[in-house]
Each structure stands twice: as structure tokens, then as C-alpha cells.
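Each ligand, and each atom within it, is numbered from 1 in the order the structure gives.
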Amino acid sequence: MIRLTNTMTRRVEEFRPLVEGQVGLYSCGPTVYDFAHIGNFRTFCAVDLLKRFLTWEGLKVRHVCNLTDIDDRTIARSQAENISLSELTNRFANAFFEDMAALKCLPADVFPRATLHMKEMFDILKALEAKGHAYAAGGSLYFRIGSFPPYGELSRLDAREVLDGARVDSDGYEKESARDFVLWKGMKEGEPYWESPWGKGRPGWHLECSAMSRRYLGDTFDIHAGGVDLIFPHHENEIAQSRGATGKEPVRYWFHVEHLLVNGEKMSKSKGNFYTLRDLLGQGHDAEAIRYLLLSVPYKRQLNFTMEGLEAAKASLARIRDFAARFADRTTARGANPDLKEALARCRATFRETLEEDLNTALALAALFDGIRAANSAMDSGGLTEDARQEAALLLVDFEAVFGLEALPKLTLDDDVEKLISLRQEARKKKDFAEADRIRDELKARGIVLEDTPQGVRWKKA
Ligand code: AMP
Ligand code: ZN
């Protein structure tokens, strides 16, 4: 059973998708005005782990991740650099894709851009207007919070706090109530604009996500993800817009990732206390160690970023890989070792159970290291038997699948496989059967199974 914390109820709940076997997942993507920092990537890596985990559990995930390519920050930066908005946002969208690939995050099925979804936004605005949830003032369109009693359910903020938070969004237009938030911003001199039924202007940030999640995942979908800072006002406003327009609850499970901190403070651009991935790679750090660090603390807990932590992550990943390499190198010991096989099977079960209980990655990694310790000491004293070896290999394969990090060295080129096979043939001719077996084992640890046939050796991926 998969259980996840749902921010809406503040409880860990059993996860059951709307359509059996399928999951619709929407995550708020980057604002493409600059390089993302590793705090942003903590959230993106956590969503990637969620997605890989659900897939590993046999579910088919459809993942949509938007790119915010129009807002105050993108406009300000394109003006400062004297380039068009699209030139700026394309540049940072590409940088984002490169960073995501370096961090081994799987691409979303769709990366919709706000500027290409005006029609979807207008559809929502028209519905909101027809139902009395939206009103025009001073060339802009606002959401009338007083018309939507469930407002505040997700963030559980009282009216005063809502008022404080809303100030962030206010642009000095005349609203009916200070709490009301902007849906469509009337054109300002010198800024990009779109034609709309309400005049020239541009969409508010919250509207973008309501429109794009609905377009690609429907009125109601399974999981909406983002960092905790988005609970209010962004996600609260998304609910108001989507539910106000369709009458349906848009999201079944709200998945929020806690912050990456530096010296106890949220890592953010505005505080200046941030590292981009490029900063760290430039200092010689390894992207996979960064991914390991970001995933090693469960998403429900804050993670304090330190260089010592990054070094420790690097060492942990190296331990896993040393084990995998050592394991791939050794020939199998004779006989069976049911106790060790059983112990390793228990580690695998714990690995799964701890992930199924709200993605406790720290406990899952502890189970992996328990298994590694047990198998290592068996290798120290006489070697791994075939039964235990298979169980250990599966544990590594599980780790690779969920954490998205390679442990076992992979043979990707057929040429490499053929080369090893011909080396094995030579060893056999020389009657060096130990070497021949070693090569067969090496191939096996990398997922290649050999078959001796009258026509020669055939191989296939296990
Ligand atoms: P932005 O590009 O500012 O829209 O943020 C992209 C994503 O990063 C959002 O889901 C944010 O909630 C998330 N985020 C921002 N800062 C942090 C942080 N320090 N730790 C974790 N996630 C963050
Ligand atoms: Zn969003």
C-alpha cells in the first residue's frame, strides 16, 4: 500500500489513483528568468523520485511540468538585458533542461509554457466571470474571494494572514477587497501583452497553472506537487480558480516538498544564499552526488545544505558503487546461504515498505546499507553464494530504479558485450575456466545472460 502526506488533510493517506493503474501528476516548474538553484532542484528531484517510485510500483504516470515564461521577473530581466521575452525564457528553459538531465531527472511528458496557453486561461476566466467569481477593475480582472467560501482550506490561514499574504500579489489596482487576487493584469506601458476579451494584458501567475493542469490532465487529477512555499498563495489560488470555474475539486493529493536551507534559512535568490547546479559543478562536485544528497533526506523534512553533507553524500554513493563493482568482480562461492539470502530479502522488503510509507528515503537507504554490509562481510569470508548474490543484485536494481542513480556499471554498447564474450571464448580455449566464469559473472551482474548454443554464444538482456 502506498501512503503519502496530503497537504489538504495534513495526514498520511493511502494513495489510490482516480483511474486504476494510472497517475496524473502536475508539478509547478521553474520560472525561466535565471538558472534554478539547488533548492529548486531539491523539489524537482523529489518529484522525480515520486514519479520513479510510482512507476516502480507498476503505475503509469503522466507527468506535466509547466514553465513559467511570463511574470514580473521574466519581464524585468528581459528588459534589463534588452532582449525579447522569448529569447530570455528560451535560454533559461534550455539551461533548466540541461541541469535536469545532469541531475538524472526524467523529462516530463509535457513541459507546457504559459505564453502558449492563453485560450485555456480565457476559458477559465469566462467561467469564473459567469459564476460571479471574477470582476474587472482598472483594466485587470480579479478573483472575488468573498464568493468562494472554501478559500483557505489548503493553507489553513485565517483571514488576517490571507490578507498579509495577498499583499505580495497586489499591484496597486482597485480591488473590491484587499484579499482578492489578480487573474489577468491590464497592460502596463512597455510590457509584453496579449489581446483578451478583457482588453490587452497578461495572465496572473496562478492562472497559468490552473489552465495548463486542466488542459493536460483534466478537471480533476491525482497529484499536484511543488515546494512548501507554493501552498500559499499559489496553490490556494489555483484551487479557487479551478474549482470556481469547473465546480470540481481539481486535485486529489497535494504533495509539498520541504525547503532546502542554508544556515537555517530558506535557500533563495532574494536572500542571495544560493548555489546553482553550475556553481557546484564548477567547483568540481559531481551532479549525481548532489542528487543523492537532495534525495537522502525525506521530502517531508527540511534539509540543511552544507559542503560536509555533500562530501558525505559522495562517500555514500561511492560505497554503493564500490560494493557493486566488487560484487560484479567476484566469482560465486559454492553451495547456498539461505540465511544471508533471507537477510537480503528482508532488506529489499524494508526498502520497499519504507518508501511506501510516505517516501522515507532515509530509512530506505539504511536498509540498502544493511544489505551491503551483510553481503560485504560474506564476500570477505569466502564469497557470495549464487542465491545471495541474486538477492543482492535485485537490491541494487531497486535502488537504481527509485533513486535514479546507477550503481552497477552498465554496458550500453553491444560492442562491449561482444568484446567480453570473445575474451571469454579465448579464456575457454586456453582452459582458463575461472576467467571464463568471471567474465560470465561480470556480464550477468550487468544484466546480460549468455547462452551456449550449437551456433555459438548468444546473449540477451535479463
Ligand atoms: P520558482 O522557479 O521560484 O517558481 O520555484 C521552482 C520550485 O522550487 C517551486 O516548486 C518552489 O517551491 C521550489 N523551491 C524554491 N526554493 C526552494 C528551496 N529553498 N527548497 C526547496 N524547494 C524550493
Ligand atoms: Zn504552479
Enumerate the protein N/O/S atoms at a distance below 2.8 Å from the Zn ion (ligand 2), ignoring waters. C28 SG, C209 SG, H234 NE2

State whether R321 and E406 are salt-bridged, where the test is any N-O pair (Lys NZ or Arg NE/NH1/NH2 against Asp/Glu carboxylate O) under 4.0 Å.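 No, no charged N to carboxylate O under 4.0 Å.
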
If the condition is side-chain contact (heavy atoms from CB on, under 4.5 Å), which residues does D222 pass it with, not counting sequence neighbours?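 D222 satisfies side-chain contact (heavy atoms from CB on, under 4.5 Å) with F15, P17, L18, V23, R252 only.
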
Closer than 4.0 Å to some heavy atom of [X] - which atoms of ligand 1 meet that?
X: P30; result: 2 (O)
X: G227; result: 10 (O), 12 (O)
X: F44; result: 6 (C), 7 (C)
X: M267; result: 16 (N), 18 (C), 19 (N)
X: L230; result: 9 (C), 10 (O), 12 (O)
X: G39; result: 17 (C), 18 (C), 19 (N), 20 (N), 21 (C), 22 (N), 23 (C)
X: T43; result: 10 (O), 13 (C), 21 (C), 22 (N), 23 (C)

Contact between ligand 1 and T68 is defined here as a heavy atom of the residue under 4.0 Å from a ligand atom; is it met?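 It does not, in that no heavy atom of T68 comes within the 4.0 Å cut-off of ligand 1.
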
Heavy-atom nearest neighbour in the protein, as seen from atom 11 (C) of ligand 1, with distance rounded to 0.1 Å: D229 OD1, 3.5 Å

When you measure from the side chain of D279 to the backbone N and O of T276, does any donor-acceptor pair fall under 3.5 Å? yes

For W205, is the NZ or CZ atom of R73 found under 6.0 angstrom from the centre of its six-membered ring and inside 45 degrees of the ring axis?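 Checked: cation-pi criterion not met.
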
Taking the six-membered ring of Y292 as reference, does the NZ or CZ atom of K314 fall below 6.0 Å from its centre and within a 45° cone about the axis? no

Side chain or backbone, does N40 bring an N or O within less than 3.5 Å of an N or O on ligand 1? yes

Parallel, tilted or perpendicular: which fits the ring planes of F274 and H37, with parallel below 30° and perpendicular above 60°?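 If you compare the ring of F274 with that of H37, the planes turn out tilted.
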
